[in-house]
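Below is one structure, written out as structure tokens, with a few remarks after it.
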Amino acid sequence: MTRLFGLDFQLLHDVVLMALAVFFLFLFMSKMLFEPARKLLNDRKNRIAADIKTAETDKQDAAALKAEYDAKLKEVDKEAEQILSEARKTAQKNATRIESDAKEEAARIIKRANEEAELSKKRAMDEVKQEMITVASMMAAKVVAANIDATVQDTLVEETLKEMGDSTWQS
């Protein structure tokens with residue numbers, strides 16, 4: 001046998017066999033180890049891509065929510081101003097109503113006081129009349145008691161009747 005490149009046949013045979021063994025070992029290992037590792041890496045890559053996509057979606061949702069909350073905050077100021085305006089209007093109406101009620105009550109009190117003053121005035125006048133009647137009757141009693149002659153008495157009666165008038169006796 002001749003040598004190829006200075007190598008003997010046994011060594012070439014061992015090298016070829018070793019190469020075939022390594023090749024089949026590589027195929028076996030790629031099927032058993034590399035495929036699951038590739039699948040694991042692809043799954044991880046897909047999961048990371050999905051997480052990135054979800055994060056981007058969440059970021060967009062958060063931006064939309066932030067914009068919505070900013071809009072609501074602007075509306076809250078307007079709504080608060082509107083509520084305060086309505087409260088002021090209601091307070092003004094209540095103040096007007098209370099003032100009107102107070103004026104009406106004051107008018108009623110004044111009217112009652114005037115009526116009571118009138119009644120007191122009438123009572124005072126009646127008391128004065130009663131007092132005058134009492135004084136007049138006492139004077140009449142004294143006049144009658146003092147021996148007045150008939151002519152003086154007739155003159156007094158006539159004068160009194162003229163002063164009182166006919167209408168006093170007719171009613």
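These figures come from a predicted structure and were not determined experimentally. Residue numbers start at 1 and run along the sequence shown. Hydrogens, waters and symmetry mates play no part in the numbers below; they use all other heavy atoms, side chains included.
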Practice item. Give the intermediate values and the outcome of salt bridge (charged side-chain N to carboxylate O under 4.0 Å, His left out) for residues D126 and K122. Key: CA-CA 6 Å; D126 287 343; K122 286 180 181 179; over 6 Å; no

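- To the nearest 0.5 Å, atoms CG (L84) and CD (Q82) are separated by 10.5 Å.
- Side-chain atoms of K72 and E68, non-hydrogen and from C-beta on, do get closer than 4.5 Å to each other.
- Atom CG of L119 and atom CG of N114 lie 11.0 Å apart (nearest 0.5 Å).
- Once rounded to the nearest 0.5 Å, the distance linking CD of Q10 with CG of L17 reads 9.5 Å.
- Interatomic distance, NZ of K39 versus CG of N46, reported as 11.0 Å (0.5 Å rounding).
- Shown here is E35, whose CD atom has more than 12 heavy atoms of other residues, nucleotides or ligands within 6.0 Å.
- To the nearest 0.5 angstrom, L11 atom CG is 10.5 Å from M18 atom CE.
- Note that CG of D70 and CG of L65 are 11.0 Å apart. Values are rounded to the nearest 0.5 Å.
- When hydrophobic clusters are built by joining Ile, Leu, Val, Met, Phe, Trp and Tyr residues whose side-chain heavy atoms come closer than 4.5 Å, directly or via intermediates, L27 is grouped together with V16.
- Contact of the R108 side chain with the E105 side chain is registered, since non-hydrogen atoms from C-beta on lie closer than 4.5 Å.
- Checking side-chain atoms of T57 against main-chain N and O of K53 turns up a donor-acceptor pair under 3.5 Å.
- For the pair S85 (side chain) and E81 (backbone), a donor-acceptor distance under 3.5 Å is absent.
- The 12-atom threshold is exceeded at CZ of R97, counting heavy atoms of other residues, nucleotides or ligands nearer than 6.0 Å.
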Check: Could you walk me through whether E116 and R123 pass the salt bridge (charged side-chain N to carboxylate O under 4.0 Å, His left out) check?
Finding: CA-CA 10 Å; E116 287 177 10; R123 269 191 243 125; over 6 Å; no

